[in-house]
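We count ligands from 1, going down the list as the structure has it; atoms in each ligand are counted the same way.
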Amino acid sequence: MEGNIKLTYQDKSYEFPLVKGSQDEYGIDIKQLRAKTGLITLDPGYKNTGSCQSDITFLDGEKGILRYRGYDIEDLAQNASFIEVAYLLIFGEMPSAQILKDLESKIHDDSYVDEDLKSILKSFPKSAHPMGVLASLTSGLIAFNPSSVDVNSEDEMFEAIVLLLAKFPILCAWTHRKVKGLPLNYANTSLNYIENVAHMMFKKPHQEYTPNPIVINALNKLLILHADHEQNCSTSTVRIVGSSHAGLFASISAGISALWGPLHGGANQAVIEMLEAIKIDGGDTAKYMEKAKDKNDPFRLMGFGHRVYKNFDPRARIIKKAADEVLNDLGIKDPVLDIAKNLEEQALSDPYFIERKLYPNVDFYSGIIYRAMGIPTEMFTVMFALGRLPGWIAQWREMRLLNEPIGRPRQIYTGATSRKIDK
Ligand code: CMC
């Protein structure tokens with residue numbers, strides 16, 4: 001299927017080219033639609049709209065396939081480190097051993113932030129949501145680092161990207177330490193990226209910190225699974241903010257705010273809160289299934305359904321298995337895991353969920369693992385942000401290198417027509 005597609009409007013015929021992706025996906029190139037016909041398209045939520053052509057992530061929602069730069073998510077989660085995946089997403093290839101060594105060493109070099117950032121953190125009340133704090137601290141980074149990057153300079157781009165990869169985990173860890181009342185600390189250069197995330201989050205001031213390999217392995221997997229997901233809400237936000245030529249850090253800060261919402265990254269927090277509420281209410285999962293199906297009840301089964309996956313979410317499969325392993329290995333019995341499994345079992349055989357193709361998504365089990373690691377519920381979305389950082393950077397870089405035009409959708413106006421003040 002190559003060629004053009006015909007549109008007939010007011011007895012005139014127009015042709016628009018078909019665009020083919022490398023996985024045989026087709027789209028209609030409507031760049032000339034308005035110029036030729038005077039029409040625009042209307043697609044709230046962009047359910048049918050491709051905002052860009054991208055080489056980074058492929059997903060097939062029907063078949064449950066997710067690939068970063070051609071590598072299956074299962075392969076990456078099993079056989080790669082998060083920082084290798086970050087490099088792959090951003091620069092397109094798996095790093096050689098030497099590139100990886102240099103990258104890790106550069107990240108270690110940049111693993112500090114300006115001490116004045118501490119005063120920004122200090123100004124937040126302890127009760128502030130960590131996602132709001134993280135977005136602000138990320139914006140704060142702009143004040144202490146070059147605010148703009150010459151996107152045509154490979155070196156400047158590389159420097160800015162490494163800087164962010166190095167400093168962002170510190171901000172994430174500090175939002176946690178603030179909530180916990182722990183003194184702010186820095187990375188330990190003898191540890192790798194993920195070990196340092198754990199070290200910076202969990203190290204107590206009076207004790208040495210020895211990373212638990214079970215926790216490190218699970219964290220590595222979780223962050224890889226979250227690392228990119230093509231044009232989701234926060235990534236589209238990063239690309240659209242970046243399209244105004246706002247800087248990298250400003251674009252990422254906007255992405256963090258988009259991720260915060262419970263329909264997106266905030267779902268992992270919402271899932272645990274939902275499971276807890278069900279537990280407190282006696283663990284009657286059937287009652288909550290009915291609530292989820294009742295159109296007069298705003299309750300939704302959090303962690304279920306996905307805009308793109310209409311068969312299964314491959315990340316959810318990996319995470320479910322990891323949740324079982326982590327809880328077993330750490331010897332934790334968490335009643336909410338049983339409630340989650342009950343809900344999943346009932347939903348998978350319920351016509352409402354089957355007809356609407358609603359399956360557990362990545363967030364259904366991730367919170368259970370985070371909890372087992374001792375991460376508080378309000379921090380879950382921060383962990384998602386940490387995982388998604390390489391994807392946001394990769395998408396921002398791709399958009400700038402393609403020199404995409406500023407993102408500026410149109411609308412169909414439905415308000416009052418011209419009127420005058422009548423006094
Ligand atoms: N519980 C109950 N009903 C649901 C649910 C749910 N979790 N999700 C969708 N539906 C129903 C919805 O009411 C609608 O029914 P009907 O056709 O009768 O009106 C139908 O399924 C289609 O739903 P939709 O809201 O039109 O689908 P969408 O593609 O706009 O939304 C979604 C996708 C993820 C926002 C939605 O499924 C949802 O709200 N899920 C719960 C929140 C959640 O887990 N979000 C995390 C997404 S994965 C992490 C990430 O990538 O951010």
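Those atoms of ligand 1 that come under 4.0 Å of a heavy atom in Ala267, given as number and element, are 43 (C), 44 (O), 45 (N), 46 (C). Within the listing of ligand 1, atoms 46 (C), 50 (C), 51 (O), 52 (O) sit less than 4.0 angstrom from a heavy atom of His264. Shown in contact with Asp363 at under 4.0 Å from a heavy atom are these atoms of ligand 1, numbered in order with element: 46 (C), 49 (C). Heavy-atom contacts of Gly303 reach the following atoms of ligand 1: 43 (C), 44 (O) (cutoff under 4.0 Å). Of all the atoms in ligand 1, the ones that sit under 4.0 Å from a non-hydrogen atom of Gly265 are 52 (O). Of all atoms in ligand 1, listed by their number and element, those nearer than 4.0 Å to a heavy atom of Lys295 are 12 (C), 13 (O), 15 (O), 16 (P), 18 (O), 19 (O). Which parts of ligand 1 touch Leu263 is read off a 4.0 Å heavy-atom cut-off, strictly below it: atoms 39 (O), 45 (N), 46 (C), 47 (C). The distance from ligand 1 to the heavy atoms of Ala292 drops below 4.0 Å at these ligand atoms: 2 (C).
Counting heavy atoms under 4.0 Å from ligand 1, residue Asn361 touches it through the side chain alone. Counting heavy atoms under 4.0 Å from ligand 1, residue Lys47 touches it through the side chain alone. Only the side chain of Leu358 comes within 4.0 Å of ligand 1, judged by heavy-atom distances. Counting heavy atoms closer than 4.0 Å to ligand 1, residue Arg356 contributes side-chain atoms (C-beta onward) but none from N, CA, C or O.
Scanning the protein for heavy atoms near atom 42 (C) of ligand 1, the closest one is Met302 CE, 3.5 Å. Annotation: atom 40 (N) of ligand 1 to nearest protein heavy atom, Phe304 O, 2.9 Å. Among protein heavy atoms, atom 51 (O) of ligand 1 sits closest to His306 NE2, 3.7 Å. Scanning the protein for heavy atoms near atom 23 (O) of ligand 1, the closest one is Arg300 NH2, 4.2 Å. Ranking protein heavy atoms by distance to atom 11 (C) of ligand 1, first place goes to Tyr352 OH, 3.5 Å. The closest protein non-hydrogen atom to atom 33 (C) of ligand 1 is Arg307 N, 3.7 Å. At the shortest separation from atom 34 (C) of ligand 1 among protein heavy atoms lies Gly305 O, 3.7 Å.
Counting only N and O atoms by type, the side chains of Asp281 and Tyr288 include a donor and acceptor under 3.5 Å apart. With no hydrogens or angles considered, no side-chain donor-acceptor pair links Glu74 and Gln78 at under 3.5 Å. At a cut-off of 3.5 Å, with distance as the only test, a side-chain donor of Trp392 or Ser234 sits close to an acceptor on the other residue. Neither side chain, Gln231 nor Tyr46, offers a donor N or O lying under 3.5 Å from an acceptor on the other. Residues Glu398 and Ser54 bring a donor and an acceptor atom of their side chains to less than 3.5 Å of each other.
A distance of 7.5 Å separates CG in Leu348 from OH in Tyr359, rounded to the nearest 0.5 Å. A distance of 11.5 Å separates CD of Gln395 from CD1 of Ile393, quoted to the nearest 0.5 Å.
Polar contact with ligand 1: absent for Phe353 (N/O pair, distance under 3.5 Å). Residue His229 places no N or O, backbone or side chain, under 3.5 Å from any N or O of ligand 1. Residue contacts with ligand 1: Leu301 is placed with a nitrogen or oxygen under 3.5 Å of a nitrogen or oxygen of the ligand (distance criterion only). Not one N or O of Val362 is nearer than 3.5 Å to an N or O of ligand 1, by distance alone. Checked against a 3.5 angstrom limit, the closest N/O atoms of Arg315 and ligand 1 fall outside it.
Proximity of the aromatic rings of Phe384 and Trp260 is defined here by a centroid distance below 6.0 angstrom, and this criterion is not met.
His245 has its side chain within reach of Arg400: a pair of non-hydrogen atoms, C-beta onward, lies under 4.5 Å apart.
Relative orientation of the Phe364 and Phe304 rings is perpendicular, given thresholds of 30° and 60° on the angle between their planes. Ring geometry for His229 versus His306: interplanar angle over 60°, hence perpendicular rather than tilted (30 to 60°).
Distance screen at 4.0 Å: atom 31 (O) of ligand 1 has no protein heavy-atom neighbour inside the cut-off. The nearest protein heavy atom to atom 46 (C) of ligand 1 is closer than 4.0 Å.
The cationic group of Arg356 lies under 6.0 Å from the six-membered ring centre of Tyr352 and within 45° of the ring axis, placing it in a cation-pi geometry. Annotation: cation-pi pair Lys36/Tyr9 absent, no NZ/CZ under 6.0 Å from the ring centroid and within 45° of its normal.
Surrounding NZ of Lys321 are at most 12 heavy atoms belonging to other residues, nucleotides or ligands under 6.0 Å away.
Between Asp75 and Arg67 there is no salt bridge, since no side-chain nitrogen of the basic residue lies less than 4.0 Å from a carboxylate oxygen of the acidic one.
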